[in-house]
Novice: 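Pasting in a structure now, in structure tokens, and then I'll have a few things to ask.
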Amino acid sequence: SQPSNYRIMPPMLRNWTRILLGAWLVARLALTHAASPEETRAYDTSLKLFHDGLFELAERECAGFTATYTNSERLPDIVLVQVQARLRLKRPDDAIALLNQRTNLVAAKPDEFAFWRAEAVLDKGDAAGAGAAFGQFLGAFPQSPRRLEAAYRQAFVLHQLGQLDQAIALLRNADSPFVQAATPHPEAELAVRGRLLLAEILIGRGDFAGAEQASMAAGNPATPDLVWQRDYLLARAKNGLGQFAEAYNRTTNFWNATPAVIQREVRAAALLLQAGLLEKLGQVDPALQLYERMLTEDVPAGQRPVALRQ
């Protein structure tokens, strides 16, 4: 029963008593679950090590955190960081094993756990499995912030697997997950990469008009490597369309302004394209000079005979 002094309280005071009692209980619960300074430091240290690129140390710190703070509300975040650290360390099997061990945490962040499982399967080299996993992700989590990333990954895997019709549909159809996620953010890196991947696929199919459109849709990328790739794809598309002068104008920086991340084989193919365009434009001497220069530069051996035959 209630204490006698409670029964004789005025109704308004009685209500305030309930409010204060409720606030006290909430504060007690907050104190019960609040992280200690030691836990906070361990958490911050794990994240900083990862963001600084010290993946071995980050993975070890995360393991120590999960062993020490077994009831922490931050466990899902720390486990996901540990999974990513293992992937950066080229240990996809260990990342998958950790995800399997921590299925009890999935409910806290189901889309993140599903995404990183698919990423681990891709890193393992199982393209078919990764394609299926990213497809399941897109169906299960239509509102996830990872939607654009997952859609691009699936398109990339479909391209690897030679499933080009499915890749084109994913990258071009208005109702596809990629287009729906990319349209509000056309400048996002993965939105640009997806459009350039579409252009690459369409060039391979001889759809040069479609490839030109896809390359132009990439807009003005923020990084030099994507600008270079856009111009290379546009040059190839316009060459296929017979627009040789416009194609050549896209190649003028291929030799001196090639970002280091562009593979040597791609760079060499771009330079061969430039020389071929010069020939088509009747500029034989500059074309020959470019072929000769290729023989003295860092061009893969397999592509040198092409220059020699010119």
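We're numbering straight along the sequence, starting at 1.
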Novice: Of all heavy-atom pairs between Gly135 and Gln154, which one has the smallest distance, and what is that distance?
Specialist: CA-NE2, 3.3 Å
Novice: For the atom pair CG (Leu278) and OH (Tyr291), what is the distance rounded to the nearest 0.5 Å?
Specialist: 8.5 Å
Novice: Is the shortest side-chain N to carboxylate O distance from Asp225 to Arg193 below 4.0 Å?
Specialist: yes
Novice: Quick check: do Arg195 and Pro186 have side-chain heavy atoms less than 4.5 Å from each other?
Specialist: yes
Novice: Going hydrophobic residue to hydrophobic residue with side-chain gaps under 4.5 angstrom, can you get from Leu164 over to Leu197?
Specialist: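 Per the 4.5 Å side-chain linkage, Leu164 and Leu197 are co-clustered.
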Novice: Kindly indicate, with the supporting measurements, whether the criterion side chain to side chain contact (heavy atoms under 4.5 Å, CB included) is fulfilled by Leu57 and Arg60.
Specialist: CA-CA 5 Å; Leu57 293 175; Arg60 196 179 310 154; 3.6 Å; yes
Novice: I'd like to know whether Phe113 forms a side chain to side chain contact (heavy atoms under 4.5 Å, CB included) with Thr103, so could you lay out the CA-CA distance, the side-chain angles of the two residues, the decisive distance to 0.1 Å, and finally the verdict.
Specialist: CA-CA 9 Å; Phe113 276 86; Thr103 55; over 6 Å; no
Novice: Which side chain to side chain donor-acceptor pair (under 3.5 Å) pairs, counting each pair once, include a residue from residues 74-91, with sequence neighbours left out?
Specialist: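 Residue pairs with at least one partner in residues 74-91: Thr40-Arg74, Glu59-Gln82, Glu59-Arg86, Asp77-Lys109, Arg91-Asp94.
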Novice: Looking only at non-hydrogen atoms, find the nearest pair between Pro76 and Ala108 and report the distance.
Specialist: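 Heavy atoms of Pro76 and Ala108 come nearest at CG-CB, 3.7 Å.
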Novice: State, yes or no, whether a side-chain contact exists between Ser144 and Phe115 at a heavy-atom distance under 4.5 Å.
Specialist: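 No, their side chains stay 4.5 Å or more apart.
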Novice: Quick check for you: to the nearest 0.5 Å, what is the distance between Leu105 atom CG and Ile78 atom CD1?
Specialist: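 Nearest 0.5 Å value for the CG-CD1 distance: 11.5 Å.
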Novice: Would you please test Glu279 and Val284 for side chain to side chain contact (heavy atoms under 4.5 Å, CB included) and show each step?
Specialist: CA-CA 5 Å; Glu279 283 191 85; Val284 178; 5.6 Å; no
Novice: Under 4.5 Å between any side-chain heavy atoms of Thr66 and Arg102, yes or no?
Specialist: yes
Novice: Are Val81 and Val79 grouped together when hydrophobic residues (ILVMFWY) are joined by side-chain heavy atoms under 4.5 angstrom apart?
Specialist: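 Yes, it is one cluster - the side chains of Val81 and Val79 are joined through contacts under 4.5 Å.
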Novice: Linking I/L/V/M/F/W/Y whenever any side-chain heavy atoms sit under 4.5 Å apart, do Leu87 and Val106 land together?
Specialist: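 Yes, because Leu87 and Val106 connect within a single hydrophobic cluster, where side-chain heavy atoms sit under 4.5 Å apart.
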Novice: Of all heavy-atom pairs between Leu273 and Ala235, which one has the smallest distance, and what is that distance?
Specialist: CD2-CB, 3.9 Å
Novice: Do Val192 and Glu187 come close enough that some side-chain heavy atom pair is under 4.5 Å?
Specialist: no
Novice: How many angstroms lie between atom CD of Gln166 and atom OG of Ser176, to the nearest 0.5 angstrom?
Specialist: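 Atom-to-atom, Gln166:CD and Ser176:OG are 13.0 Å apart.
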Novice: Flag this pair as yes if the NZ/CZ of Arg236 is under 6.0 angstrom from the six-membered ring centre of Tyr232 and inside a 45 degree cone about the axis; otherwise no.
Specialist: yes
Novice: Hey, could you give me the CD/CG distance between Glu212 and Leu233, rounded to the nearest 0.5 Å?
Specialist: 12.0 Å
Novice: Would Leu158 end up clustered with Val179 when hydrophobic side chains under 4.5 Å apart are linked, directly or stepwise?
Specialist: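 Yes, Leu158 connects to Val179 through the hydrophobic network.
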Novice: With a 6.0 Å cut-off on ring centres, are Phe178 and Tyr152 close enough?
Specialist: no
Novice: Is a salt bridge present between Arg146 and Asp111, judged by a nitrogen-to-oxygen distance below 4.0 Å?
Specialist: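 Salt bridge absent between Arg146 and Asp111.
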Novice: When rounded to the nearest 0.5 angstrom, what distance separates CG in Leu202 from OG in Ser215?
Specialist: 8.5 Å
Novice: Would you kindly say whether Gln243 and Tyr248 are connected by a side-chain donor-acceptor distance under 3.5 Å?
Specialist: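 Side-chain D/A pair, Gln243 to Tyr248: absent.
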Novice: Going by distance alone, is a donor N or O of one side chain under 3.5 Å from an acceptor N or O of the other, for Glu39 and Ser72?
Specialist: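 Yes, because at least one side-chain N or O of Glu39 sits under 3.5 Å from a partner of the opposite role on Ser72.
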Novice: What distance separates Leu290 CG from Asp285 CG, expressed to the nearest 0.5 Å?
Specialist: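 Output value for this atom pair is 12.5 Å.
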Novice: Are side-chain N/O atoms of Lys280 and Asn239 paired as donor and acceptor at under 3.5 Å?
Specialist: yes
Novice: Verify side chain to side chain contact (heavy atoms under 4.5 Å, CB included) between Arg230 and Asn220, making sure each step is shown before the conclusion.
Specialist: CA-CA 9 Å; Arg230 179 205 60 191; Asn220 296 306; 3.4 Å; yes
Novice: Looking at side-chain heavy atoms only, is the closest gap between Arg172 and Ile201 below 4.5 Å?
Specialist: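 No, every pair of side-chain atoms sits at 4.5 Å or beyond.
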Novice: Are Phe137 and Phe156 in one and the same hydrophobic cluster, where Ile, Leu, Val, Met, Phe, Trp and Tyr link if side-chain heavy atoms are under 4.5 Å apart?
Specialist: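 No, Phe137 does not connect to Phe156 through the hydrophobic network.
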